[in-house]
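Index from 1, following the sequence. We count ligands from 1, going down the list as the structure has it; atoms in each ligand are counted the same way.
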Amino acid sequence: MMTGVTGTPGTGKSAAADVLAARGHRVVHLGETVAPYVIGEDPDRGTDIVDHEAWAAAFVPVDGIVEGHLAHYLPCDRVVVLRCRPDVLITRLRSRGYPEAKCRENAEAEALDVILVETLERHPEETVRELDTTASTPEETATRIEGFLSGRLAPGFGSVDWSDYFLEAT
Ligand SMILES: Nc1ncnc2c1ncn2[C@@H]1O[C@H](COP(=O)(O)OP(=O)(O)OP(=O)(O)O)[C@@H](O)[C@H]1O
Ligand SMILES: [Mg+2]
């Protein structure tokens with residue numbers, strides 16, 4: 001059973017996945033697997049351009065948790081989409097030292113539900129669970145992910161609405 005943990009950069013995927021790994025779950029950090037599929041560099045964003053489709057096609061599924069903002073491109077059995085209120089997200093990204101344009105772009109993508117929409121285009125609704133991390137520690141997020149894995153927490157999404165924050169950001 002492969003579980004994807006996806007979400008906009010800064011929503012806390014890696015932080016929650018590190019907690020899950022410490023609790024004994026098998027975790028693959030997808031950022032470490034894309035290097036052979038980098039096809040260029042985006043100078044405006046300061047990010048690599050990855051051939052998502054080629055990477056996803058070559059990925060050998062694992063029995064465990066795959067974490068990264070491309071996780072929903074993989075044939076996951078279940079997908080967790082981490083969310084964070086855009087004004088809080090932008091603070092997390094700035095504290096990482098990201099360029100302001102990159103911080104704003106990610107906060108806008110979060111406000112517009114981009115990753116959730118991409119996930120629902122690729123996965124059945126009953127396999128998707130959205131989790132708001134705005135006021136949660138990575139440990140609390142990890143515990144909720146475990147709840148979804150064990151069936152204690154039902155699938156579901158649509159609990160957040162960041163549209164007001166998009167208007168504020170523009
Ligand atoms: N639940 C949380 N509450 C507060 N801060 C958090 C939380 N989770 C993560 N952070 C902080 O937010 C920042 C981003 O977290 P993290 O690196 O886990 O995000 P990510 O989703 O893995 O991002 P990326 O897609 O860029 O890898 C880090 O500085 C981390 O310490
Ligand atoms: Mg990460």
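- Distance remark: protein heavy atom present below 4.0 angstrom from atom 9 (C) of ligand 1.
- Neither the backbone nor the side chain of E140 has a heavy atom within less than 4.0 Å of ligand 1.
- Other residues, nucleotides and ligands contribute at most 12 non-hydrogen atoms within 6.0 Å of the CD atom of E125.
- Figure legend: cation-pi geometry between R122 and Y73, with NZ or CZ positioned under 6.0 Å from the six-membered ring centre and within 45° of its axis.
- The distance from ligand 1 to the heavy atoms of A15 drops below 4.0 Å at these ligand atoms: 8 (N), 9 (C), 18 (O).
- Distance from atom 21 (O) of ligand 1 to its nearest protein heavy atom, with residue and atom name: K13 NZ, 2.7 Å.
- More than 12 heavy atoms of other residues, nucleotides or ligands sit less than 6.0 Å from atom NE2 of H123.
- Per-residue contacts place T137 under 4.0 angstrom from the following atoms of ligand 1 (heavy atoms of the residue considered): 1 (N).
- For the pair T133 (side chain) and R83 (backbone), a donor-acceptor distance under 3.5 Å is present.
- Put simply, the residue from D113, L89, V114, L93 that forms a side chain to side chain contact (heavy atoms under 4.5 Å, CB included) with T8 is L89.
- Closer than 4.0 Å to atom 29 (O) of ligand 1 lies none of the heavy atoms of the protein.
- L74 contributes atom CG, which lies 7.5 Å from atom OG1 of T33 (distance to the nearest 0.5 angstrom).
- With a heavy-atom cut-off of 4.0 Å, L82 does not touch ligand 1 at all.
- Separation of atoms CD1 (I65) and NE2 (H29) is listed at 10.0 Å; rounding is to 0.5 Å.
- Distance check, rounded to the nearest 0.5 Å: CZ of R78 to OG1 of T127 gives 9.5 Å.
- Atoms CZ and CZ, on R144 and R152 in that order, are 12.5 Å from each other to the nearest 0.5 Å.
- Not a single heavy atom of G7 sits closer than 4.0 Å to an atom of ligand 1.
- Polar contact check, A16 against ligand 1: no nitrogen or oxygen pair lies under 3.5 Å apart.
- Numbered from 1 in the order shown, with element, the atoms of ligand 1 that lie under 4.0 Å from a heavy atom of S136 read 1 (N), 2 (C), 3 (N).
- The single protein non-hydrogen atom nearest to atom 16 (P) of ligand 1 is R96 NH2, 3.4 Å, given as residue, atom name and distance.
- The part of R92 lying near ligand 1 is the side chain, judged by heavy-atom distances below 4.0 Å.
- Of all the heavy atoms of S14, the ones lying under 4.0 Å from any atom of ligand 1 are found in both the backbone and the side chain.
- Using a 4.0 angstrom heavy-atom cutoff, T141 does not count as in contact with ligand 1.
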